[in-house]
Peer 1: 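Please read through the structure below; I'll follow up with questions.
Lettering of chains follows the sequences in order, A, B, ..., and the numbering in each one begins at 1. For the numbers below, each heavy atom of this structure counts, side chains included, while hydrogens, waters and symmetry mates do not.
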Amino acid sequence: MTGIWPDIVAHGALIWQDLLQHVEIVFISVAIGCLIAIPMGIWLTRRPRLAEVVITVTGLIQTVPSLALLALVLPVLGVGLVPAVSALALYALLPILRNTYVGVRGVPAGTVECAKAMGMNRMQVLSRVELPLAAPVIVAGVRLSTVYLISWAVLAALIGGGGLGNLILEGLATYDFGLIIAGAVPAALLAIAAGLLLSWLQRALTPVGVRRLAAGERGAA
Amino acid sequence: MSEATFRGYERGFQVLEFQQVSKSYRDGTIAVRDLNLRVERGEFVVLIGPSGCGKTTSLRMVNRMVEPTGGSLLLEGRDVTSYDPVQLRRGIGYVVQQIGLFPHMTIAENIEVVPRLQGWSPQRRSERTAELLQLVGMDPGTYRDRFPHELSGGQQQRIGVLRALAADPDLILMDEPFGALDPITREQLQDELKRLQETVHKTIVFVTHDMDEALRLANRIAVLRQGQLLQYDTPAEILRNPADDFVAQFVGRHRLAEMQVPHIVRDIMNTRPVTLGVGASTEEAFALMQSRQVDTMLVIDEQGSLHGYVSALHLAHKRAVGRTLGEVCEQDVAVVGPDEDASTAFNRMDQEHLQYLAVVDEGQLKGIVTRRSMVRALAAAIWGDAQ
């Protein structure tokens, strides 16, 4: 049994290069997703009726098969990194948007009222009370998006976006099983690593008081 | 209108005044109707009424958490709507039920919210926190870095009160702050709050639906129902003279207890004092004193007017054998009217070392107030008319 190790070693340099590119694509996509979805999610908490519409529409994007979406952006944005990242960023929106909305809405109304009644302005209520309390939920959304995107980003290679998808596509085209493995395994490992990293971040961002509170409740249950 | 900065904590305000204040909603609900209310500096005013009576809405209009739809609300003589709401709120303490503390902030951070908003230096904030914690007997070293959930309900609500005091506002609004606590803790906190208010001299407007709490804390109580003010008076006056049946019912059992407290002389006097006519002999007087077990009796004339008194001691001293009471009686009887205040009568007996007061109305002897009748009246008020 030769295993997959020789394949990975054989393509070492190539894998490393594609892996970095993969990380880059995912990172940029998630970052764009955050930049759009977090402010929008916060804004939507002030407009609950509109929020339902927006979240439903964003959900629809999620249901478009990724292959189809990539094909759709192709005629508009052409090939390369930009169309790939644009398509992936669209996918990143929903989990982050929904979690931001749910997270901020989940801050007890009484707590927000109290912050306001003590003389905090809108921004202070947001930055000192709502966001710290919603942070764990928002980060959970980011984590979900990131893990999804790591696997979907493989398809970015189809429209010239690069990344680990390059190896897999090449392997498929040349019937080279080793190349497919060399692309798929690092992608899977990357997804696991990113998931762990973001779980840690989620815990780190959970305010100490809230974390202990949750732990206490679990202990009591 | 120009927006002014409210600096209640610097200048101090004289009065909070509701002038014909109303609040109605678009669906036609009227939460508050033509409310007129004056809160003097240093007063502890309790707004009370059943749920939906507009008490919380009224409170929240003070710091512009709710905007009135009619009338005006004056703070330091100026309409609150002329203040910037954020600045206004920083100058007014605010305590709410339960969830008021921020769960992600330590006790110190919670207390320091408003001082921070006002830009106090970290050192000044920290000193203030220590000072406040000590005020309620909580060790700053132990509690400052704890989180709200690590404290008991009573301790959390103490912090809630301290937080309202932190920036030293003159006016503090409290919306059922002790509603969620168990009865024992609640009473403890009520006592502490009362004591605190007496030391820090804050003006407090307090909302509750609990009459016990209102009576315990208030200088004045405002009873509201369906958005209308039914009565605004001292606790004693509300108990004694409820404005209508609703207030009477709301005051309930307290009123019954209070009603038995006598407040005029007529309520406590003994209507059948031991008396004899002016023509009676001293022997008759001695005999009557013996049979009724008294050492003093009042002497009246044929028309029932008070003529004077005789005591066993001075009958003996005057060697009054064979003379009539009219001839031997003393006339300097301490007299009181039947409609005079009972407590005044009581004080007089105490201060002038009197054994009794004769109750005289238009010259007629109506009764007598003795120390014994006082004690009986008070005992009846406290323990009821149990025989």
Peer 1: Can you name the nearest heavy-atom pair linking B:P103 to A:L133, along with the distance?
Peer 2: CG-CD2, 3.8 Å

Peer 1: To the nearest 0.5 Å, what is the distance between NE2 on B:H104 and CG on A:L205?
Peer 2: 12.5 Å

Peer 1: Please round to the nearest 0.5 Å and tell me the distance separating atom NZ of A:K116 and atom OH of B:Y94.
Peer 2: 10.0 Å

Peer 1: Mark yes when over 12 heavy atoms from residues, nucleotides or ligands other than A:R46 sit less than 6.0 Å from its CZ; otherwise mark no.
Peer 2: yes

Peer 1: Take atom CZ in B:F44; do more than 12 heavy atoms of anything else shown fall under 6.0 Å from it?
Peer 2: yes

Peer 1: Counting only heavy atoms closer than 4.5 Å, note whether A:Q124 contacts chain B via side chain, backbone, both or neither.
Peer 2: side chain

Peer 1: Measuring from A:M118:CE to B:R116:CZ, what's the distance to the nearest 0.5 Å?
Peer 2: 12.0 Å

Peer 1: CZ/A:R128 to CG/B:L117 distance, rounded to the nearest 0.5 angstrom?
Peer 2: 5.0 Å

Peer 1: Would you say CD of B:E131 has more than 12 non-hydrogen atoms from neighbouring residues, nucleotides or ligands within 6.0 angstrom?
Peer 2: yes

Peer 1: Please check if atom CZ in A:R122 has more than 12 non-hydrogen atoms from other residues, nucleotides or ligands closer than 6.0 Å.
Peer 2: no

